[in-house]
Amino acid sequence: MAMGIKLLFTAFAIVVGIAICLIDPKADNAGPGWIWRLGRYDPIRNIICRPDGALRRYTKVGILLWFAVFLAMIWLIAP
């Protein structure tokens, strides 16, 4: 993978990481029920958010860790 593409992916991941840090975890982040397939009882929604729509304790940390792993894969695995 070319160095320019790696830098582009890195910049994108940093911008997304900063945007994730700006999310208020106590606000209703789940949105309205019609967005989810099964409404308020959707299993994916319940993994990410509490019943009131607030993010669970380690959701933001998990998302940021996922982006860190993504960057490590780009820099260490991709030739």
Side-chain angles (χ1 to χ4, degrees):
M1 184 179 286
M3 183 63 77
I5 295 174
K6 285 184 180 182
L7 291 175
L8 182 68
F9 277 125
T10 302
F12 174 73
I14 289 171
V15 168
V16 170
I18 291 171
I20 290 169
C21 287
L22 296 176
I23 294 174
D24 182 17
K26 296 178 182 168
D28 183 10
N29 294 308
W34 60 266
I35 292 177
W36 301 93
R37 184 175 180 196
L38 300 174
R40 298 182 73 89
Y41 304 106
D42 190 69
I44 302 300
R45 179 189 186 273
N46 292 331
I47 290 172
I48 298 170
C49 299
R50 294 185 190 130
D52 65 348
L55 291 178
R56 295 206 181 264
R57 180 179 295 174
Y58 296 110
T59 301
K60 282 175 60 172
V61 175
I63 293 171
L64 291 173
L65 182 64
W66 187 87
F67 275 102
V69 169
F70 173 72
L71 283 178
M73 286 184 343
I74 287 178
W75 283 97
L76 300 175
I77 296 174

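Counting begins at 1 with the first residue of the sequence. Computed over heavy atoms, backbone and side chain alike; hydrogens, waters and symmetry mates excluded.
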- [ ] Can you tell me which residue pairs pass the side-chain hydrogen bond (donor to acceptor under 3.5 Å, both in side chains) test with a partner in residues 60-72, sequence neighbours excluded?
- [x]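 As it turns out, there is no side-chain hydrogen bond (donor to acceptor under 3.5 Å, both in side chains) pair with a partner in residues 60-72 once direct neighbours are skipped.
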Task: Contact list for residues 13-29, test side-chain hydrogen bond (donor to acceptor under 3.5 Å, both in side chains), sequence neighbours left out - done: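 Sorted result for residues 13-29: empty, none.
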TODO: Please indicate whether F9 has more than 12 foreign heavy atoms, meaning atoms of other residues, nucleotides or ligands, lying under 6.0 Å from its CZ.
DONE: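 Counting neighbours around CZ of F9, 12 or fewer heavy atoms of other residues, nucleotides or ligands fall under 6.0 Å, so no.
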Task: Partners passing side-chain contact (heavy atoms from CB on, under 4.5 Å) against A2 (at least two apart in sequence or in another chain) - done: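 Partners of A2 by the side-chain contact (heavy atoms from CB on, under 4.5 Å) criterion, ordered by chain and then number, come out as I5.
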Open item on the list: Holding to side-chain contact (heavy atoms from CB on, under 4.5 Å), I want the full list of residues that pass it with L71, two or more places apart in sequence or in another chain.
Closed with: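 With neighbours one apart ignored, the set is T10, A13.
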Atom pairs and distances, donor-acceptor, side-chain atoms in residues 41-51, under 3.5 Å, two or more places apart:
| unit_1 | atom_1 | unit_2 | atom_2 | d |
| --- | --- | --- | --- | --- |
| D42 | OD2 | I44 | N | 3.4 |
| D42 | OD2 | R45 | N | 3.4 |
| N46 | ND2 | D42 | O | 3.2 |

Would [X] end up clustered with [Y] when hydrophobic side chains under 4.5 Å apart are linked, directly or stepwise?
X   : Y   : value
F12 : I20 : yes
F70 : L7  : yes
W36 : L55 : yes
M3  : I74 : yes

TODO: Quick one: pull up OG1 in T59 and CD1 in I23 and give me the separation to the nearest 0.5 Å.
DONE: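 Going from OG1 on T59 over to CD1 on I23, the span is 10.0 Å.
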TODO: Starting from V69, walk the hydrophobic network (Ile, Leu, Val, Met, Phe, Trp, Tyr; side-chain heavy atoms closer than 4.5 Å) and list everyone else you reach, by chain and number.
DONE: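 Hydrophobic cluster check, V69: joined to M73, I77.
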